[in-house]
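Any value given below was found using the heavy atoms of this structure, including those in side chains, with hydrogens, waters and symmetry copies removed. Reminder, nothing fancy here: chain letters follow the sequence lines and each chain counts from 1. Bear in mind the structure is a predicted one, so any value in this text is a computation, not a measurement.
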4 protein chains.
Amino acid sequence: MNASAPRPAARRRRTDAKRNEDALLEAAASVFAASGVDAPVREVAAAAGVGVATLYRHFPTRSDLVVAVYRHQVDACADAGPALLASEASPFAAILRWVHLYVDFLGTKHGLARVWEGDPDGFTALHRLIVDRLVPVLTDMLAEARASAEVVAPITAYQLIRAVGDLVAFNPPDPQYDVRRIVTLLVSGLRQQQPHP
Amino acid sequence: MNASAPRPAARRRRTDAKRNEDALLEAAASVFAASGVDAPVREVAAAAGVGVATLYRHFPTRSDLVVAVYRHQVDACADAGPALLASEASPFAAILRWVHLYVDFLGTKHGLARVWEGDPDGFTALHRLIVDRLVPVLTDMLAEARASAEVVAPITAYQLIRAVGDLVAFNPPDPQYDVRRIVTLLVSGLRQQQPHP
Amino acid sequence: MNASAPRPAARRRRTDAKRNEDALLEAAASVFAASGVDAPVREVAAAAGVGVATLYRHFPTRSDLVVAVYRHQVDACADAGPALLASEASPFAAILRWVHLYVDFLGTKHGLARVWEGDPDGFTALHRLIVDRLVPVLTDMLAEARASAEVVAPITAYQLIRAVGDLVAFNPPDPQYDVRRIVTLLVSGLRQQQPHP
Amino acid sequence: MNASAPRPAARRRRTDAKRNEDALLEAAASVFAASGVDAPVREVAAAAGVGVATLYRHFPTRSDLVVAVYRHQVDACADAGPALLASEASPFAAILRWVHLYVDFLGTKHGLARVWEGDPDGFTALHRLIVDRLVPVLTDMLAEARASAEVVAPITAYQLIRAVGDLVAFNPPDPQYDVRRIVTLLVSGLRQQQPHP
DNA sequence: AATGAATGAGCATTCATTCAT
DNA sequence: AATGAATGAATGCTCATTCAT
């Protein structure tokens, strides 16, 4: 036995634990989609087929769980920004596509709007994650779009991301109300000089 | 017994009841502003100086209370539509002003975003109230703005009102995030042909 | 109807509420005796035949309940001090009798020792009650006993009361260990000059 | 296999196990002092740098751990009895000194009062240890003191040891309440004929 | 019509103990 | 022999709603 080959027992234990963590993440994603991020922790644990304490072991606070659930998607979204800038016909087109990717990410996650409140309990971590990863990406895209004069409205990336979050957060798929259309409306406003209300 | 001369006792009864109802409405408005529309009913009853059961008598569901609290403001908002259409420089300008009046109304009411969810428990009534009173007003304003080609985006009044609600609902005054600026951005998008995302 | 004859409904309500409160006090006394003052609140509520929330209504914190349970007995104990001073053959005899009344009061109350810890959660109120009501009584008795030279040890009433509490707190009736005998031993030490350990 | 030459592997195993046990004892002593003997077992295991199951292997019950932690000190205390009898000026002086050694031992161990309860869960073992080791020592000392008529109160060693335990158990250092003074008061009572309460 | 006491379900969290590796 | 992940029962507390007076 040597350092590069850990004992099977140890590795297996970790494998099982990882399996549980994955099950929790899947369960949480599903439960959050169905019942919002405020769903009872017991419900998540039950959906994952584990005890509540197991959930607490892996994710000591609800915030940790929420962040873990969304981190992958946030990362993918962040990575897509530069790619779209390169592939789309114009910076504005890239922004529009990127914002819709962000909408995909926010998807069905009810209750996520609380992320933007200064909630001391929970959502600080997710708030930070989004701000840290997505705001810089969109900031760059907006800068390019301004350089080409496609975007003229004095809106920051933070404001736009937060607004989209609000628009999506509480809207499950609804034939009467197509979120994408509204998000497109919002983004298209970037091309307008802003009137005085 | 005849309608024009109720017995003094009965009249007194009604007077007291009205007084209670008014106290409840004031209390609810204040509590909702401070703690959101999810605030405990006891808190509202206590603020009004009445028992909880009295609250329930007047407003059997939370939804009824919410509606009653906001009906006056909704009415005022509805009435302002035609007036703005007459006084502002253009239909678009009128729409912009009117939407900001609506923002004023939504103002400090945390948690109001749930109005748009298909919440069976509450909010159905407020949803209906807003749809019944405000959507027609904004529909007319949009029609005029389209007639003058100021507005070209294919957005319905319902969609716009709902979007503004989402944008405002969870955002207490925050120096980092000025809701009005975002709402203006959204409205200014009405003047743009909508791109395909 | 006049002020001296409240409406039957109101009075009856209060009567019922009082009945519940009494039931809770009895239940708490019994449960505390059996399982200590740390016993689950649910257990007390169940023993009283009421819901937990009813318990919380009457006694918002555990501390409140504990104090309420013991207040009557503390009062009785306090009142007995001067009476014993008058009736017993000597101040020392009165002290001895009084301390044993205090032992009766502490009786079977397991877990009560925590009263003396600086427990921020709970017992501050009971601690204060005992200090406020009993310490002055015993202080007077000790003063008289010192005046007649029966008591010479430099011990304060607070120290003695606390010591007796410790001796009794965790000792349910046990044939192997008679608390009264030990308490008597402690009190009889008051007549001795204290040696240097 | 023979006793005088164990295989190196086996010896190594035992060495490791011993190391773990020592680490656990040190950790437990420290944790018990800081958080009382009720401290979570995980805390002890973590402080020792081992898994909880390792703790359970070495000390199947909390009681076992408590006893192991305190055995050395109990032994030292027991040994001091005869020595003091020889060195002090009188049997009573020896008793007083010895009891204060016992107080030193009980020292910072919060929650130890439960030792005297008939706790089926834990503490039985520590109870037995103290009874087995210390009671005989104090019994001898009391016998000598009675022989010289210094002690006249009919108290057993068991009762005295238990009383001192109760007095010390829940009293962390507190300027308002000096345990040693009270213990001295108790011991000095031994020189008094006991009054009838 | 008004009261407010009572209810009990619901939720977050902790901890002792077991067990597969 | 050691590990530490998993378990789930236990507990404190809150809140919407009902109901007898």
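Between A/L65 and A/F32 the shortest side-chain heavy-atom distance falls below 4.5 Å. Counting only heavy atoms from C-beta outward, the side chains of D/F59 and D/V66 never approach each other to under 4.5 Å.
The 5' end of DNA chain E is approached more closely, in terms of each residue's nearest nucleotide, by B/G49 than by the other of B/G49 and A/A39. Of the two residues contacting DNA chain F, namely B/V52 and D/G51, the nearest-nucleotide position lying further toward the 5' end is that of D/G51.
The separation between B/Y56 atom OH and F/dT17 atom C1' is 5 Å, rounded to whole Å. One interatomic measurement links the two molecules: CZ of C/R42 to C1' of F/dT14, which rounds to 12 Å at whole-angstrom precision. Following rounding to the nearest Å, A/E43 (CD) and E/dA12 (P) show an atom-to-atom distance of 10 Å. Between D/K18 atom NZ and F/dA1 atom P there is a gap of 15 Å when expressed in whole angstrom units. Taking atom CZ of residue C/F59 and atom C1' of nucleotide E/dA6, one finds them 15 Å apart after rounding to whole Å. Taking atom CZ of D/R62 as the reference point, atom P of E/dC15 lies 10 Å away to the nearest angstrom. Atom CG of D/L55 and atom P of F/dA1 are 15 Å apart (whole Å). D/D64 has its CG atom 15 Å from the C1' atom of E/dA16, to the nearest Å.
Remark: of the listed residues D/I130, D/V37, D/L106, D/V37 is the sole one forming a side chain to side chain contact (heavy atoms under 4.5 Å, CB included) with D/Y70.
The salt bridge (Lys or Arg N to Asp or Glu O under 4.0 Å) contacts involving residues 44-60 of chain B comprise nothing, where partners must be two or more places apart or lie in separate chains. Sorted by first and then second residue, the side chain to side chain donor-acceptor pair (under 3.5 Å) pairs involving residues 42-51 of chain B (not counting sequence neighbours) are B/S35-B/E43.
Among residues two or more places apart in sequence or in another chain, the side-chain hydrogen bond (donor to acceptor under 3.5 Å, both in side chains) test is passed with C/E26 by none. Remark: D/V41 pairs with D/Y56, D/R62 by the side chain to side chain contact (heavy atoms under 4.5 Å, CB included) rule, at least two apart or across chains.
At distances below 3.5 Å, not a single donor-acceptor pair connects side-chain atoms of A/D22 with backbone N or O atoms of A/R19.
Within the nucleic acid shown, D/V41 comes within 4.0 Å of at least one base atom, counting heavy atoms only. Using a 4.0 Å heavy-atom criterion, one finds that A/V50 contacts the sugar-phosphate atoms exclusively.
For the OP1/OP2 pair of F/dA2 and a distance below 4.0 Å, the side-chain nitrogens and oxygens of D/H58 include at least one atom meeting the criterion. Proximity of B/T54 to the phosphate of E/dT3: a side-chain N or O atom is located under 4.0 Å from OP1 or OP2. Remark: B/R57 is in phosphate contact with E/dA1, judged by side-chain N or O atoms under 4.0 Å from OP1 or OP2.
Taking a 4.0 Å limit (strictly below) on heavy-atom distances, residues 20-29 of chain B does not reach DNA chain F anywhere.
Consecutive Watson-Crick or G-U pairs involving DNA chain E, each under 3.5 Å on both distances, make up stems of three or more pairs at E:2-21 with F:2-21.
Considering CG of D/N20 and CG of D/L55, their distance stands at 10.0 Å, rounded to 0.5 Å. Rounded to the nearest 0.5 Å, atoms NE2 (A/H72) and CG (A/L25) are 7.0 Å apart.
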